[in-house]
Amino acid sequence: MRLGRADESETPAFRHYDDVATQSAALVIRSYSSSFGLASRLLAPAIRRDVHNIYALVRLADEIVDAPRPDQSVAQRRRALDALGDDVAAALAAGWSTNLVVHAFARTARRTGIDAALVDPFFTSMRADLDCTVHDEDSLADYIYGSAEVVGLMCVHAFLADQPHRKARYDQLAPGARRLGAAFQKINFLRDLAQDDHDLGRRYLIGLDADHPSDDAWKRWLDDIDADLVAAAQAIPLLPSGTRVAVCTAHDLFAELARRLRATPPQVACRSRVRVSAPTKARIAAVAAARRGVPSTAGSRA
């Protein structure tokens, strides 16, 4: 069966499919993340497209492990996640997929140099969410690397896709990207402490019990986050100029969340998710633009 296309004589059919895949990825970030959506709008269009394509795949995998269908077993979720991983691997090799989100990701990955060295650890961490309920130091470090740090590294590939001396600049930027991704993940662990424990049966942060969170452990994790944010801030001025304001905005949004988490007793934060309002997000973005992407390094102690 062949469906007619009004513009078929003007645009090759595969280009139309590529465009629909890109639009699908953009819809995912608009629907799921106001913070990253705001920051990504400050990127140049081509880089924004690639970041959306990366985020959409990450979100799709996260939905499989964190938002199962009613009566869906862990074994069924594992099969769905494995199928997604196989689809991504095939798309990286072939350059296309029947899954629109995977297709969009594969186009970005092949163009920017994202390969299995980053994709495989991501899926390893997603699988850990189906098996591991309580983390120790080693498993948590591995989990954060695969679930968050590699996403930052993928974004660096997107930022540098059209830049000279890509390998040298990637090596220079990679440590800061990893620290920023780790900070984002740890902040969300604190924000979702009760939900992760009570709804998903997971304990990520060592020393923190969602029912009786320790003030000292809460502070130690925020100190750790501050150190990540300060280290990440030092790398932002080294980014390509067209990406600094966006990354600075994301950095400062999460620094604001960290400040609010420090100002909120952990027992209260566990009952009500700490958030930043839309007007405050807009103000943070405006300040980042005025500073030309030079981030605040004060951390949550300010």
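Remark: I47 CD1 to S40 OG distance equals 12.0 Å, nearest 0.5 Å. How far CZ of R259 is from CG of L257: 9.5 Å, rounded to the nearest 0.5 Å. Atom CG in L208 sits 10.5 Å away from atom CG in D197 (nearest 0.5 Å). To the nearest 0.5 Å, atom NE2 of residue H251 and atom CD1 of residue I284 are 11.5 Å apart. A distance of 11.5 Å separates CG of D224 from NZ of K219, quoted to the nearest 0.5 Å. The structure places CG of D87 at 3.5 Å from OG of S97, a figure rounded to the nearest 0.5 Å.
Closest of all the heavy-atom pairs between A39 and A246 is O-CB, 3.1 Å. Minimum interatomic distance between Q267 and P213 (heavy atoms only, all atoms of both residues): NE2-O, 3.6 Å. Taking both residues in full, the closest heavy atoms of G176 and A235 are given as CA-CB, 3.9 Å, listed atom of the first, atom of the second, then distance. Closest approach of A104 and A25 over heavy atoms only: CB-CB, 4.2 Å. Counting all heavy atoms, side chain and backbone alike, A217 lies closest to G207 at CB-O, 3.4 Å. Annotation for C270 and L193: closest pair SG-CD2, 3.6 Å, computed over non-hydrogen atoms.
Salt bridge D82/R78: absent, no basic N to carboxylate O contact under 4.0 Å. R59 has a carboxylate O that lies under 4.0 Å from a charged side-chain N of D62, or vice versa, which qualifies the two as a salt bridge. Under the 4.0 Å criterion applied to side-chain N and carboxylate O atoms, D136 and R203 are not assigned as salt-bridge partners. D252 has a carboxylate O that lies under 4.0 Å from a charged side-chain N of R291, or vice versa, which qualifies the two as a salt bridge. Ion pair R110/D115 not flagged as a salt bridge, since none of the NZ, NE, NH1 or NH2 atoms sits closer than 4.0 Å to an Asp/Glu carboxylate oxygen.
Within the structure, ring pair (Phe, Tyr, Trp, His ring centres under 6.0 Å) contacts touching residues 151-180 (residues at least two apart or in different chains) are H157-Y170. Pairs engaging residues 198-224 under the ring pair (Phe, Tyr, Trp, His ring centres under 6.0 Å) rule: H135-Y204, Y143-Y204, F189-Y204 [sequence neighbours left out]. Under the side-chain hydrogen bond (donor to acceptor under 3.5 Å, both in side chains) criterion, the residue pairs touching residues 276-290 are S34-K281, S35-K281, S277-T280, with sequence neighbours excluded. For residues 70-111, the set of pairs meeting the ring pair (Phe, Tyr, Trp, His ring centres under 6.0 Å) definition, not counting sequence neighbours, comprises Y17-H103.
For the side-chain hydrogen bond (donor to acceptor under 3.5 Å, both in side chains) test, no residue two or more places apart in sequence or in another chain qualifies with D142. Under the ring pair (Phe, Tyr, Trp, His ring centres under 6.0 Å) criterion, Y55 pairs with no residue at all, not counting sequence neighbours. Applying the side-chain hydrogen bond (donor to acceptor under 3.5 Å, both in side chains) criterion to D199, with sequence neighbours excluded, gives no partner residue. The salt bridge (Lys or Arg N to Asp or Glu O under 4.0 Å) test applied to D50 returns R111, not counting sequence neighbours. When the salt bridge (Lys or Arg N to Asp or Glu O under 4.0 Å) test is applied to R273, the partners found at least two apart in sequence or on another chain are D192. Taking D86 as the reference, nothing meets the side-chain hydrogen bond (donor to acceptor under 3.5 Å, both in side chains) condition, with sequence neighbours excluded.
Using modelled atom types, one side-chain atom of R191 and one backbone atom of V274 make a donor-acceptor pair closer than 3.5 Å. Not a single donor-acceptor pair under 3.5 Å links the side chain of T243 to the backbone N or O of L239. Here the side chain of R202 pairs a donor or acceptor atom with the backbone of D129 at under 3.5 angstrom. Between the side chain of R166 and the main chain of T112, a donor-acceptor pair closer than 3.5 Å is present. Side-chain atoms of Q76 come within 3.5 Å of backbone atoms of S73 as a donor-acceptor pair (strictly under, hydrogens ignored). Within the 3.5 Å criterion, the main-chain N or O of V294 finds no donor-acceptor partner in the side chain of R244.
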For this session: Check step by step if salt bridge (charged side-chain N to carboxylate O under 4.0 Å, His left out) holds for D216 and R220.
Result: CA-CA 6 Å; D216 288 341; R220 282 196 303 272; 5.2 Å; no
For this session: List the steps and the verdict of side-chain contact (heavy atoms from CB on, under 4.5 Å) for V88 and L57.
Result: CA-CA 9 Å; V88 171; L57 177 69; 3.8 Å; yes
For this session: Evaluate the criterion side-chain contact (heavy atoms from CB on, under 4.5 Å) for residue pair R179 and V230; output intermediate values, then yes/no.
Result: CA-CA 9 Å; R179 295 293 291 270; V230 169; over 6 Å; no
For this session: Apply side-chain contact (heavy atoms from CB on, under 4.5 Å) to L222 and D226, showing your working.
Result: CA-CA 6 Å; L222 283 166; D226 279 355; 5.6 Å; no
For this session: With side-chain contact (heavy atoms from CB on, under 4.5 Å) as the test, would you mind laying out the steps for L84 and F123 before giving the verdict?
Result: CA-CA 9 Å; L84 178 63; F123 277 100; 4.0 Å; yes
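Side-chain contact annotation: T22 with H52, donor-acceptor N/O pair under 3.5 Å absent. A donor-acceptor contact closer than 3.5 angstrom is absent between the side chains of Q72 and R77.
Within the 4.5 Å cutoff, side-chain heavy atoms of L229 are placed close to those of L180. Under the 4.5 Å side-chain criterion, counting only non-hydrogen atoms from C-beta, D223 is in contact with R262. Residues Y145 and P121 form a side-chain contact, since some pair of their non-hydrogen atoms from C-beta on lies under 4.5 Å apart.
Clustering of Ile, Leu, Val, Met, Phe, Trp and Tyr side chains at separations under 4.5 Å leaves V134 isolated, with no partner residue. With side-chain heavy atoms closer than 4.5 Å counting as contact, directly or through intermediates, the hydrophobic cluster containing L42 also holds V245.
V74 and V65 fall within the same hydrophobic cluster, defined by Ile, Leu, Val, Met, Phe, Trp and Tyr side-chain heavy atoms under 4.5 Å apart, directly or through other members. No continuous path of hydrophobic side-chain contacts links L100 to I29 [ILVMFWY only; heavy atoms under 4.5 Å]. Following chains of ILVMFWY side-chain contacts shorter than 4.5 Å, one can reach L160 starting from L238, so the two form part of one hydrophobic cluster.
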